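Beneath this line is the structure, given in C-alpha cells, with notes to follow.
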Amino acid sequence: MKFDIQHRGRLVHLDISAQDSVYRLEHGGKVVEFHCVRVSDDTLSVMVGDRVFTAYVHSAPPGYSVQIHDLAFEFEVLEGGGGIMGERGRRGHGGAHRLSVPMPGKVVSVLKKVGDAVSVGEGIVVVEAMKMQNEIRSPRAGKVREIRVVAGETIEGGATVAVIE
Amino acid sequence: MKFDIQHRGRLVHLDISAQDSVYRLEHGGKVVEFHCVRVSDDTLSVMVGDRVFTAYVHSAPPGYSVQIHDLAFEFEVLEGGGGIMGERGRRGHGGAHRLSVPMPGKVVSVLKKVGDAVSVGEGIVVVEAMKMQNEIRSPRAGKVREIRVVAGETIEGGATVAVIE
Amino acid sequence: MKVPFKRILIANRGEIAVRVIRACREMGVEACVVYSDADRLSLHVLMADRAWPLGDPVSKHSYLDIDKILHAAEAMGCEAIHPGYGFLAENPEFARRVEEAGIAFVGPTGDCIAALGDKTAARQAARNAGVPVVPGAMTRVSPAEAERVAEEIGYPVLLKAAAGGGGKGMRIVRGREDLAEAFRTASSEAGAAFADASIYIEKFLENPHHIEVQVLFDNHGHGVYLGERECSVQRRYQKVIEETPSPFINDDVRTRMGELAVRLAGSVGYRNAGTVEFLVDADRNFYFLETNTRLQVEHPVTEMVTSIDLVKEQLRLAAGQRLGYGQSAIQPRGHSIECRIYAEDVENGFMPSPGRIVRLVQPSGGPGVRRDSGVYEGFTVPIYYDPLLAKLVTWGKDRSEAIDRMRRALHEYHVTGIKTTIPLAQMVLSNADFLAGSYSTSLLDHLTVRRRDGQHMEEIALAALAVRLLHERLTRTGLTTRRVPTMSPWKRFYRAEAMRKR
Amino acid sequence: MKVPFKRILIANRGEIAVRVIRACREMGVEACVVYSDADRLSLHVLMADRAWPLGDPVSKHSYLDIDKILHAAEAMGCEAIHPGYGFLAENPEFARRVEEAGIAFVGPTGDCIAALGDKTAARQAARNAGVPVVPGAMTRVSPAEAERVAEEIGYPVLLKAAAGGGGKGMRIVRGREDLAEAFRTASSEAGAAFADASIYIEKFLENPHHIEVQVLFDNHGHGVYLGERECSVQRRYQKVIEETPSPFINDDVRTRMGELAVRLAGSVGYRNAGTVEFLVDADRNFYFLETNTRLQVEHPVTEMVTSIDLVKEQLRLAAGQRLGYGQSAIQPRGHSIECRIYAEDVENGFMPSPGRIVRLVQPSGGPGVRRDSGVYEGFTVPIYYDPLLAKLVTWGKDRSEAIDRMRRALHEYHVTGIKTTIPLAQMVLSNADFLAGSYSTSLLDHLTVRRRDGQHMEEIALAALAVRLLHERLTRTGLTTRRVPTMSPWKRFYRAEAMRKR
C-alpha cells in the first residue's frame with residue numbers, strides 16, 4: 001500500500017506490505033523488512049534485525065508525530081493518510097494563512113486590526129494560559145484579512161485567531 | 001432505573017436516577033445521593049458528602065468486581081446487567097454443576113472418569129499454570145457426568161473441565 | 001511516630017497536594033483537599049480522603065479565596081492547614097486568619113511571613129542578622145524612584161515583584177531607556193500573579209549561582225539547616241533542574257551559608273520549614289536573595305540525601321512537637337538531582353501546553369528513582385494553573401551516578417497529547433558544562449532546544465508510521481486487521497541470519 | 001565509572017531482566033535480551049536495545065536451552081551474559097559453556113556453582129569453613145536411604161530437591177508412614193522443575209527464621225558482606241516479604257554470620273554476587289542452609305540500605321575490575337522492606353492467575369518507594385513462567401517508617417483483570433506479630449487470606465456498580481451518555497450543607 005509523506009519539507013514515498021507481523025517497507029529506493037506488533041493503540045514495537053524500538057505514533061493534524069526514545073519526528077501525510085483533512089483545513093483560501101493558537105487559553109488582547117500590515121514575527125494576539133501571557137506571532141509578512149477573536153474570549157487549542165494574506 | 005444484585009447470597013434491589021453527575025441510589029430502603037464522574041473506562045470517582053472514593057469496576061462474569069481502596073466486592077447481576085449471560089452459562093442443565101478452571105493452563109492429568117462418584121473437595125483434574133500444579137476440586141458431592149478435557153491439552157480460563165451431577 | 005493531627009486540609013492542588021497526601025497516609029492523618037470545577041478529576045482529589053468544592057476555576061475565586069478555604073477547613077473539621085507552595089502559602093493574612101480560626105497553620109506565623117515574605121523587610125532582617133545583601137532599594141519603588149535608585153547603584157538592575165517568586169513580574173533592565181516599559185510590564189504581571197503590583201529594585205549580578213539553604217525550626221526556637229540546593233539551571237528565573245550538594249561551593253562556604261541561614265531564621269522567630277536563597281558570584285561571595293517561608297518545589301533532593309521527610313517533619317512541628325535532634329544529626333549522603341517536568345512546548349518558545357494526556361509512560365522504577373507527579377494518563381491538564389506536571393528525582397552515591405540514573409529515567413519517560421519539557425531536561429543532562437558541574441544561571445540563556453531528530457532513526461519512524469497508516473486504511477476500508485500472530489520459525493530464522501550478515 | 005562491556009546478553013525475562021537493563025543503561029552498556037514466542041510483548045523486550053527470538057514458550061525449549069542462548073549471544077555480539085535468577089542462573093554447565101565461548105559469565109565459575117549449587121557439596125564446604133550445618137544426609141538419597149537417615153536424625157525431616165530452590169520439590173515429613181508418598185511427589189516435582197529428580201534429606205527445624213547474608217567478591221579474592229535479609233515471611237517455602245536489617249538478630253549474630261559467609265565464599269574461590277542462607281532457631285543459633293550463586297529476587301532491600309547498586313557491581317566485577325573497597329565501607333542506613341507481588345488468587349488457594357492486566361495503577365512515587373516491575377497495563381501475563389509480577393520496595397529511616405511507606409504504597413496499588421497477592425501483603429503489613437518484628441517462618445502457616453469486605457464500604461461499591469450498570473444500559477439501549485458536566489453551584493452547596501449536618 002502506498003503513502004506520500006512530507007518530512008521537513010522533503011517528500012517521501014512509502015510502499016508497505018505485510019505478511020503476518022512481518023512488514024516490508026520501500027521508501028526512496030531503500031527497502032527495510034521489519035517485525036512489528038501493537039503494544040497499545042498508539043504504541044508499536046518495531047524490530048529490525050535484532051534491534052528493538054518502541055514507537056509512539058500520535059495523530060497530530062495535519063499529520064502524525066512519532067516518538068522513538070528521546071527523538072521526535074513530525075510527518076505530514078499528503079494522501080491516503082488520516083491527516084489529509086487537517087492539511088487542507090490549515091491552508092487558507094488562496095494565498096491566505098490561517099494563524100492558529102497551539103494551545104487552549106484566554107485571549108488577553110488583540111494587537112492588530114483588519115487591514116493592518118504585519119511583518120514576520122510580529123505579534124497579532126496575546127493569549128494567556130497557565131499564568132503565562134503568550135504573543136501569537138505572524139509567521140509571514142502580509143496584511144491582516146480577518147481577526148476572529150476578541151479580548152476576554154476563551155479559545156480551544158488549534159483555533160484560528162486571524163487570517164493573514 | 002432498577003437492578004437486582006446478589007452479594008454474598010443476599011439479594012439487593014437497586015434503583016438509581018441521575019441528574020448531571022449527581023446520582024440518587026435507593027437500596028433496601030436506604031437512600032444515598034452522591035456525585036460520580038468517570039476517570040477511565042473502569043474507574044469511577046465517587047463523592048458522598050465530602051468523602052472521596054475511587055472505585056475500580058471490573059466486569060467479572062457472571063457479575064462485577066468492585067475494588068475500593070484495599071477492599072473488593074463481588075456482585076452478581078440478576079437482571080438488566082451485563083452479567084446475566086455468564087450467570088445462565090454457568091448453571092449446568094438440571095441439577096448438574098459445570099466445573100470450570102479459574103485460569104488458563106495445561107491439563108497435566110485427569111483424576112476421574114465418567115461415572116465416578118466424587119465427594120466435596122475431591123480433585124477431578126490437575127492443571128499446570130506458572131510452574132504450579134493445581135488440583136481442580138469438586139465443590140459438591142455427586143457423580144461425574146462428563147469429562148471435557150484430556151491430559152496435555154491447553155485450556156482457556158473459565159473453560160469447563162467436567163460436569164458433576 | 002505520634003499522630004500530629006486527626007485531619008488536615010491541604011489548600012493546594014497538583015503534585016504538591018499529592019505529596020502532602022502521601023505524608024498524611026504515612027502518619028495516619030486524614031487528608032482533606034479543596035478543588036475548583038477544573039480539578040474534579042485531578043489526582044489530588046482522587047487520592048484524598050475528603051474533598052471540598054471551590055467552584056470557579058479562576059484561582060482568585062478558588063485557591064486564592066481565603067474565605068472559601070477556611071469554610072472548607074471548618075466544614076470538614078480540619079485541625080491544620082498545609083498551604084503547599086504558591087497560592088496562599090506566603091500570604092500573611094491567610095496564616096493569621098487560619099490561626100484566628102483555631103486551626104494550626106503549617107508554616108511560620110503571619111507576622112513572620114510578613115517580615116520575610118516582603119523582600120524589602122527581609123533584606124533588613126538579613127542585614128541585622130549579619131547576612132550580606134545585594135545592593136538595591138529597601139522599599140517598594142515608584143517608576144520615578146526606580147530610575148533614581150538605578151542611577152545610584154548602576155545598571156544593569158533587576159525589577160522584581162515585591163510579593164513575587166517564580167520569575168513572574170521580573171525584568172532585567174540594562175539601560176535607563178528601557179526602565180519605564182519594563183516597570184510597567186513587570187508591575188502588571190505582578191498584579192495579575194500576586195494581587196500586588198508593587199515592585200522592588202536591586203543591582204543585577206551577571207551570571208550568578210542561585211543556591212539556597214533548607215532550614216527546619218520547631219515552635220520552641222530550635223533549628224537546623226539541611227544542606228543547600230544548587231538551583232542555577234533556570235530559564236526566565238524559573239528553576240528547571242536542582243541538585244544537592246552544589247558542585248560549585250566548598251564545605252567552608254556551605255557551612256557559613258547554613259549557619260547564617262539558621263541565624264537569620266532564628267532572629268525572626270521562624271518556625272517550620274523554610275528556605276533562604278542566596279546569589280553566589282564567581283568568587284563564591286554569597287548575597288542574601290530572599291526567603292521562602294514554605295516548602296519548596298525542589299524539597300525532594302534534600303529528602304533524598306538527608307533521609308528526612310520534610311513534609312512529615314512539617315506536620316509534626318506544626319503540632320508543636322520538638323525537633324528532637326541537632327545539627328550533628330544532619331549527615332547528607334550521596335547526591336540527588338531533580339528535573340521539573342512542565343507542560344510547555346520547548347520547540348515553540350516554551351508556549352504552555354495544557355490539554356489531554358493521551359499516553360503517559362512515567363519512569364517506573366529501579367534503584368534511585370523517585371517521582372512526584374500530579375497527573376495521570378487520560379487526565380486533561382487545565383489551562384488555569386501552573387504548568388508543572390511532575391518532578392523526576394534521582395539519587396546516586398555520587399553526582400555521576402545520580403546523573404546516569406536521571407538519564408536512564410528520562411529515557412523511560414514518554415508523554416503524548418501535550419508537549420513537555422522532557423527534551424530540555426535531556427539536553428541539559430547531556431550538556432558538557434552541566435556534566436562538568438561548572439554552570440551558572442546563564443547556562444540556559446543561549447540554549448535553543450529542539451527534539452533531536454536522528455537521521456539513523458528516521459527509517460524506524462517511517463516504518464512505524466507506515467504500519468499505523470496501513471492499519472488505519474484497512475480499518476477505514478472495512479478490512480479487518482486480524483490480531484497478528486508471532487513470526488513463523490522460518491521468518492525468525494531468516495531475520496536472525498539476515499541480521500548476522502550485517 | 002568505566003564501561004565494563006560494550007554489549008551484554010540478559011538470559012532471562014520479567015522484572016529481573018528489566019532490572020538488569022536499567023543497570024546497563026546507567027553504565028552505557030548495550031542491553032540485549034532473548035524472548036520466547038510468549039514474550040514478544042514483554043517489558044524486557046520492549047525496553048531492550050536488541051532482542052533475539054527463542055521460539056517455543058516452554059522454558060525447556062527456550063530460556064533453558066543453552067544452545068539457543070549461546071547462539072543468541074554470539075549472533076548479537078555480546079561480551080557477557082547476565083543470567084538473572086532461576087532458569088540457567090545456577091546451572092554449572094551453562095556457566096562453563098559461556099566461558100568456553102569466550103563470553104564473560106556474570107557470576108561465579110561453573111566449578112564454583114557446582115560446588116555450592118549442589119546442596120550436598122555445599123554443606124561439606126560449609127563444614128570445612130567452620131559454618132554450622134543442619135543435621136542430615138550429605139548425599140542424594142534413594143527412598144530407602146531416606147527412610148534410614150530419617151530414623152537416624154529423627155522426624156520431622158525435610159525432603160528437598162538437590163538442584164532446587166523456591167520451595168519446588170520440598171516436603172515436610174512428620175512420620176515414617178508419609179515418607180514414601182512425600183518422596184515420590186517431591187522427586188517428580190523436582191524433575192519437572194529442575195530436570196533433576198534427585199532428593200536430599202535433612203532434619204526439619206520447627207518455626208526457624210530464614211535469614212540470608214549478601215556477599216560480593218571480585219575475581220581477585222577480595223570480598224565483603226552487605227548485611228543480612230530477613231526472609232521468614234514465606235508460604236510453601238516461597239518468600240513473600242523480605243526486610244533488612246532483621247528485627248530478630250543482634251549485631252553480634254549479624255557480624256558472625258557475615259564473617260562466616262565471607263569465609264565460606266572465600267574458601268571456594270567465589271566471585272561476583274552471592275547469598276548464604278541460614279536457618280536461625282529461637283535461641284539465635286544459626287545453621288547453614290544453602291548458597292545461592294546468583295542475584296537474589298530480594299536484592300533491592302540491600303541496595304536501599306547500603307547505597308550499593310548490586311547489578312552494576314556484578315557487571316563491573318565480571319569485567320575483572322577490583323572491588324575497590326573493604327568491609328568498613330559498608331555502612332547500612334535505615335530500614336528496607338520488599339513485598340513480592342505474584343499473579344495468584346489469595347482467596348482461592350493461591351491458584352495462579354495469568355491473563356490480561358486490564359488496569360494497572362502502580363504506586364507512583366513519593367519518598368522512599370521503589371518498584372521493580374516486569375509488567376504494564378494491557379500486558380497479558382503468560383501461563384508458562386513464574387507468577388512474580390513485580391516487587392514493591394520501601395525505605396525508611398527506621399523500620400516503622402519503612403512499614404508506614406509500604407502500607408501507603410500498597411494503598412495506591414490497584415490491579416484488575418488478574419488476581420494478585422497484594423491483599424496478602426496488606427494483611428501481613430497489618431499483622432501484629434509482623435509489626436512487632438516478632439515472627440518466624442510459621443507466620444503465614446495458619447493465615448487464611450481474603451480481601452477485606454468492609455460493610456461501611458458496601459454502599460459505595462453498590463453506588464459505583466449502579467452507575468456502571470446505568471451507563472451500560474443506556475449505551476445498550478442506544479441512549480447516548482453525554483459527558484457529565486461538573487455540578488451546578490446549588491447542588492454543590494446542597495452537598496456541602498447536607499454533609500455539615502451529619
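All figures in this text were calculated on a predicted structure; none of them were measured in a lab. In what follows, chains are A, B, ... by sequence order, proteins preceding strands, each numbered from 1.
Interface remark: C:A193 contributes no atoms to any contact with chain A (heavy atom separation under 4.5 Å). In this structure, chain C has a heavy atom under 4.5 Å from the side chain of A:P102, while its backbone stays farther away. Proximity to chain C (any heavy atom under 4.5 Å) is restricted, for A:V46, to the side chain, taken from C-beta onward. For A:S65, no part sits under 4.5 Å from any heavy atom of chain C, backbone or side chain. Neither the backbone nor the side chain of A:V127 comes within less than 4.5 Å of any heavy atom of chain C.
Proximity to chain A among residues 185-192 of chain C is not found for any residue, judged by heavy-atom separations below 4.5 angstrom.
By the 6.0 Å contact criterion, NZ on A:K106 is open, its count of non-hydrogen atoms from other residues, nucleotides or ligands being 12 or less.
Inter-residue side-chain proximity for A:Q67 and C:T416 is flagged as met; some heavy-atom pair is nearer than 4.5 Å. Within the 4.5 Å cutoff, the side chain of A:F3 has no heavy atoms near those of the C:L465 side chain. In this structure, A:D42 and A:S40 have side chains that are in contact, with non-hydrogen atoms separated by less than 4.5 Å. When side chains are defined from C-beta on, C:C339 does not count as touching C:I422, because their heavy atoms never get closer than 4.5 Å.
For the pair C:R235 and C:F350, the cation sits on the ring face: its NZ or CZ lies under 6.0 Å from the ring centre, inside 45° of the axis.
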Below 3.5 Å, can you tabulate the donor-acceptor pairs from side chains in residues 153-164 of chain A to any protein atom, sequence neighbours excluded?
from, atom 1, to, atom 2, distance (Å)
A:E153, OE1, A:V150, N, 2.8

